Enquirer: 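I am attaching a structure below and will ask some questions about it afterwards.
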Amino acid sequence: MITWNNLDTIKAYGELEKVAKVNLQEAMAGENGANRVRNYSVPMAAGMAYNYAAKQVDDNVIDALAKLAEETQLIEKYAALYNGEVINTGEKRLVLHQMTRGQLGNDVIADGVNKRDFYVGEQKKIADFANKVHAGEITNAAGEKFTTVVQIGIGGSDLGPRAMYLALENWAKVNNTFKMEAKFISNVDPDDAAAVLHTTDLAHALFVLVSKSGTTLETLTNESFVKDALKNAGLNPSNHMVAVTSETSPLAKSSDYLAAFFMDDYIGGRFSSTSGVGGAVLSLAFGPEVFAQFLEGAAEADKTATIADIKKNPALLDALIGVYERNVLGYQNTAVLPYSQGLSRFPAHLQQLDMESNGKSVNRFGDPVNYVTGPVIFGEPGTNGQHSFYQLLHQGTDIVPLQFVGFKNNQMGKDVVIEDSTSQQKLCANVVAQIVAFACGKDDENANKKFEGGRPSSIIIGEQLNPKSLGALLSHFENKVMFQGFVWNINSFDQEGVQLGKVLAKKVLAHDTEGALKVYSELLNI
């Protein structure tokens with residue numbers, strides 16, 4: 001029987017707090033450090049590995065974390081999720097995003113429908129539509145092929161799909177699977193839509209409107225912006241638009257769209273990249289076969305996340321080390337640092353995934369918790385970040401845990417030897433150097449040049465960023481966030497924190513304001 005209890009009532013957590021702290025500088029020095037790098041590594045899906053040698057842990061800490069995982073029933077709670085129990089207590093909903101890429105447990109029947117069959121059916125509809133677009137069977141009114149796809153959406157309807165598209169764009173071009181350029185409109189700021197439309201051949205553009213409810217203010221505003229541009233260009237918007245929405249939304253049966261692809265309330269926006277939200281734009285951009293490889297990598301990682309042994313379950317281990325850093329060591333932030341230009345927007349996606357999920361101060365039952373929960377997430381790709389905020393990471397007053405991602409090979413297959421090494425070797429040399437520099441530091445009589453060290457990091461290492469490894473990477477972080485939410489006994493699958501601002505914005509637009517809201521509105525000429 002599963003029980004849900006606050007972290008500070010868990011016996012194993014009290015034991016974890018008593019375990020001796022690790023001196024990371026000593027642990028990573030000399031041959032000790034070499035042995036840690038060799039041994040503190042866990043295989044991941046898609047041939048990747050999670051290496052935690054430079055984390056502030058040892059075997060004693062890991063053993064205590066294993067006890068915490070067992071007492072908090074993390075694997076059992078994951079099984080309850082994918083077997084269709086109501087895990088989203090805030091909205092009284094199932095949580096089924098894993099089912100968009102595989103079947104881990106029992107058939108889940110909800111609303112009288114087999115949900116696995118539903119998701120597979122929608123994927124097939126999207127694949128069929130994309131293939132017809134690519135073959136020129138679905139065209140514009142002049143019978144000409146579409147060459148560009150533009151996604152209109154915000155939050156999870158933009159961040160994840162945009163990050164995934166950018167991650168695979170160069171890979172697809174090199175591997176001859178690039179079908180259509182993709183662009184994205186998200187911000188209600190008119191400059192966003194105007195800039196995209198200004199550089200888009202509207203006559204050959206297909207627009208994908210994404211809104212589960214069909215009522216998202218920013219998305220519907222941008223849809224109107226796009227429709228106006230199409231009409232001004234002498235084009236019929238209904239010949240250029242498809243919708244990704246729920247079957248009950250006002251968009252579902254509208255004649256305004258060439259086609260509608262459906263999702264449901266059991267998939268939150270930030271977890272929706274493997275649903276039609278990401279599936280439509282990625283299948284149109286790269287082809288359904290590439291999207292299927294992406295799903296395959298995510299499914300493989302989901303399966304790995306079911307393993308009870310934390311030394312064989314990278315997402316579980318990563319999550320528990322994060323809890324240790326947050327709740328025992330007291331670190332407030334985590335930096336995500338991918339040494340891959342393709343992952344340039346991946347940290348932005350993880351900001352939403354992590355902070356919207358675990359930015360909670362009440363437990364699953366609405367009671368305040370007496371401990372800290374989700375950290376602040378930020379990041380940039382290396383080596384750009386090194387010339388930006390690494391100064392604070394190395395010598396600032398706060399210790400910030402770091403999550404590196406690195407690949408042995410680049411995506412484009414092009415490189416050049418400069419000063420006896422390639423650009424890819426220089427990139428990898430930088431991430432290796434940073435890990436050791438953060439952990440070990442450097443003593444110097446000049447205080448300005450002294451590095452305290454003791455700054456913990458992990459690294460996920462892969463052969464190459466490709467559809468399968470990207471899917472596995474996405475699933476890893478989704479499952480990490482889920483496991484941490486379980487440990488903290490919070491609901492990671494609602495997001496009430498985004499609602500208040502929406503309500504007040506509507507009051508401002510209706511001129512139903514008073515006090516500070518009224519004066520701020522006047523300052524901005526609303």
Side-chain angles (χ1 to χ4, degrees), residues 44-46 48 78 81-82 84 87-88 94-105 108 115-127 129-130 151 153 155-168 172 182 184 208 210 212 244-246 261-306 315 343 345-346 349-350 352-354 356-357 465-482 492-493:
M44 292 176 59
M48 297 191 293
Y78 182 32
L81 181 148
Y82 60 70
I87 297 298
N88 180 349
L94 288 65
V95 177
L96 299 180
H97 55 275
Q98 282 95 346
M99 200 170 286
T100 61
R101 60 248 193 168
Q103 182 74 54
L104 286 174
V108 176
K115 299 310 295 185
R116 175 63 183 153
D117 291 345
F118 170 76
Y119 298 137
V120 169
E122 292 304 309
Q123 287 167 4
K124 289 180 178 177
K125 282 170 54 181
I126 290 170
F129 181 85
Q151 178 126 321
S157 300
D158 168 72
L159 287 164
R162 188 193 295 250
M164 302 309 127
Y165 171 78
L166 292 174
L168 297 179
F184 297 84
V208 180
V210 183
K212 182 164 58 178
V244 178
T245 189
S246 68
F261 308 113
F262 299 126
M263 55 188 300
D264 57 37
D265 285 335
Y266 307 127
I267 299 177
R270 57 197 175 276
F271 295 94
S272 66
S273 291
T274 53
S275 74
V277 173
V281 65
L282 296 178
S283 294
L284 286 164
F286 307 132
E289 297 81 6
V290 171
F291 185 64
Q293 293 171 36
F294 172 62
L295 297 181
E296 183 183 351
E300 188 178 326
D302 285 343
K303 188 174 182 180
T304 303
T306 66
L343 293 176
R345 289 294 291 171
F346 196 69
H349 169 60
L350 294 187
Q352 186 200 17
L353 175 66
D354 202 313
E356 193 168 87
S357 295
L465 179 60
N466 57 41
K468 191 171 180 181
S469 62
L470 179 65
L473 194 65
L474 176 72
S475 169
H476 173 89
F477 283 102
E478 287 181 349
N479 289 321
K480 173 189 175 180
V481 167
M482 172 194 69
S492 301
F493 302 104

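These figures come from a predicted structure and were not determined experimentally.
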Enquirer: Is any side-chain heavy atom of Leu350 less than 4.5 Å from a side-chain heavy atom of Leu353?
Expert: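 Contact flag for Leu350/Leu353 side chains = yes.
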Enquirer: Using the rule given for side chain to side chain contact (heavy atoms under 4.5 Å, CB included), can you reason through Arg345 versus Leu159, listing the C-alpha separation, both sets of side-chain angles and the distance that settles it, and then say yes or no?
Expert: CA-CA 8 Å; Arg345 289 294 291 171; Leu159 287 164; 3.8 Å; yes
Enquirer: If you compare all heavy atoms of Met48 against all heavy atoms of Ala472, which two are closest, and at what distance to 0.1 Å?
Expert: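 That closest heavy-atom pairing would be CE-CB, 3.7 Å.
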Enquirer: Tell me, please, which residues at least two apart from Asn479 pass side-chain contact (heavy atoms from CB on, under 4.5 Å).
Expert: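 With sequence neighbours excluded, Asn479 shows a side-chain contact (heavy atoms from CB on, under 4.5 Å) to Tyr78, Gln98, Asp302, Ala305, Ala315, Ser475, Met482, Phe483, given in chain and number order.
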Enquirer: Of the non-hydrogen atoms in Ser283 and Ala130, which two are nearest, and what is the gap between them?
Expert: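 Where Ser283 meets Ala130 most closely, the heavy atoms are O-CB, 3.8 Å.
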Enquirer: Who pairs with Phe118 by ring-ring contact (aromatic ring centres under 6.0 Å, His included), at least two apart in sequence or on another chain?
Expert: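 Partners of Phe118 under the ring-ring contact (aromatic ring centres under 6.0 Å, His included) test: none.
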Enquirer: So how far is it from Arg101 CZ to Leu474 CG, rounded to the nearest 0.5 Å?
Expert: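 The distance works out to 6.0 Å.
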Enquirer: Roughly how far, to the nearest 0.5 Å, is the CD atom of Glu289 from the CD atom of Gln293?
Expert: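 Spacing of CD (Gln293) from CD (Glu289) equals 8.5 Å.
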Enquirer: Provide the closest heavy-atom pair for Ala167 versus Leu343 in the form atom of the first, atom of the second, distance.
Expert: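 Residues Ala167 and Leu343, closest heavy atoms: CB-CD2, 4.1 Å.
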Enquirer: List for me each residue that meets ring-ring contact (aromatic ring centres under 6.0 Å, His included) alongside Phe262, sequence neighbours excluded, and say none if there are none.
Expert: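 Expected list: none.
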Enquirer: Evaluate the side-chain proximity of Phe129 to Phe261: yes if any heavy-atom separation is below 4.5 Å, no if none is.
Expert: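 Yes; the side chains approach each other to less than 4.5 Å.
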Enquirer: Can a donor-acceptor pair be found between the side chains of Tyr119 and Asp264 at a distance below 3.5 Å?
Expert: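 Yes, because at least one side-chain N or O of Tyr119 sits under 3.5 Å from a partner of the opposite role on Asp264.
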Enquirer: Hey, is the main chain of Gly105 close enough, under 3.5 Å, to the side chain of Gln103 for a donor-acceptor pair?
Expert: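 Answer holds: yes.
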Enquirer: How far does CG of Leu166 sit from CZ of Phe346, to the nearest 0.5 angstrom?
Expert: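 Interatomic distance, Leu166 CG to Phe346 CZ, rounded to 0.5 Å: 12.5 Å.
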Enquirer: Minimum heavy-atom separation for Gly160 to His349, with atom names?
Expert: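 Taking every non-hydrogen atom into account, CA-ND1, 3.4 Å.
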Enquirer: Among Ser157, Ser246, Ser275, whose side-chain contact (heavy atoms from CB on, under 4.5 Å) with Lys212 holds?
Expert: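 So, applying the side-chain contact (heavy atoms from CB on, under 4.5 Å) to Lys212 and each of Ser157, Ser246, Ser275, only Ser246 qualifies.
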Enquirer: If only atom types and distance count, is the side chain of Arg116 paired as donor or acceptor with the main-chain N or O of Met99 below 3.5 Å?
Expert: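 The answer is yes, because a donor-acceptor pair under 3.5 Å joins these two groups.
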Enquirer: Out of curiosity, Ile267 CD1 to Asn88 CG, how far, rounded to the nearest 0.5 Å?
Expert: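 The distance works out to 12.5 Å.
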Enquirer: To the nearest 0.5 Å, what is the distance between CG (Leu94) and CG (Leu81)?
Expert: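 If we round to the nearest 0.5 Å, Leu94:CG and Leu81:CG are 8.5 Å apart.
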Enquirer: For residues Asp354 and Phe477, determine if any side-chain heavy atom of one lies less than 4.5 Å from a side-chain heavy atom of the other.
Expert: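 With C-beta onward as the side chain, the pair stays apart.
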Enquirer: Side chains of Ile126 and Pro288, heavy atoms from C-beta outward: is any pair under 4.5 Å?
Expert: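 SC-SC contact between Ile126 and Pro288 ruled out.
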Enquirer: What's the shortest heavy-atom distance between Thr274 and Gln123, and which atoms?
Expert: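 Answer, listing the atom of Thr274 first, then Gln123: O-NE2, 4.1 Å.
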Enquirer: Taking Met263's backbone N and O only, do any of them form a donor-acceptor pair with Glu122's side chain (distance below 3.5 Å, no angle check)?
Expert: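 Looks like no, no N/O pair under 3.5 Å.
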Enquirer: For Ala182, is there any backbone N or O sitting under 3.5 Å from a side-chain donor or acceptor partner on Tyr165?
Expert: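 A pair under 3.5 Å: yes.
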Enquirer: Tell me whether the rings of Phe493 and Phe271 are parallel (<30°), tilted (30 to 60°) or perpendicular (>60°).
Expert: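 If you compare the ring of Phe493 with that of Phe271, the planes turn out tilted.
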Enquirer: Would the number of heavy atoms belonging to other residues, nucleotides or ligands and lying under 6.0 Å from CZ of Arg162 be above 12?
Expert: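 Above 12, so yes.
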Enquirer: Treating Gln151 as the side-chain partner and Asp158 as the backbone partner, does any N or O pair qualify as donor plus acceptor under 3.5 Å?
Expert: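 No; judged by distance alone, with no hydrogens or angles, the pair does not exist.
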Enquirer: Does a salt bridge link Lys303 with Glu300, judged by any charged N lying under 4.0 Å from a carboxylate O?
Expert: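 Between Glu300 and Lys303 there is no salt bridge, as every charged N stays at least 4.0 Å from the carboxylate O atoms.
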Enquirer: Checking Leu168 against Leu282 for the side chain to side chain contact (heavy atoms under 4.5 Å, CB included) test, could you report, in this order, the C-alpha distance in whole Å, the side-chain angles of both residues, the deciding distance, and whether it holds?
Expert: CA-CA 9 Å; Leu168 297 179; Leu282 296 178; 5.5 Å; no
Enquirer: Find the distance between NZ (Lys124) and CG (Asp117) and round it off to the nearest 0.5 Å.
Expert: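 Lys124 NZ to Asp117 CG: 8.5 Å, rounded to 0.5 Å.
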Enquirer: Please examine the side chains of Val277 and Pro161, heavy atoms only from C-beta on, and report whether any two atoms are closer than 4.5 Å.
Expert: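 Touching, per the 4.5 Å side-chain cut-off.
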Enquirer: What closest approach, in Å, do Ser357 and Arg270 show between heavy atoms, and which atom pair accounts for it?
Expert: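 In this case the closest contact between Ser357 and Arg270 is OG-NE, 2.7 Å.
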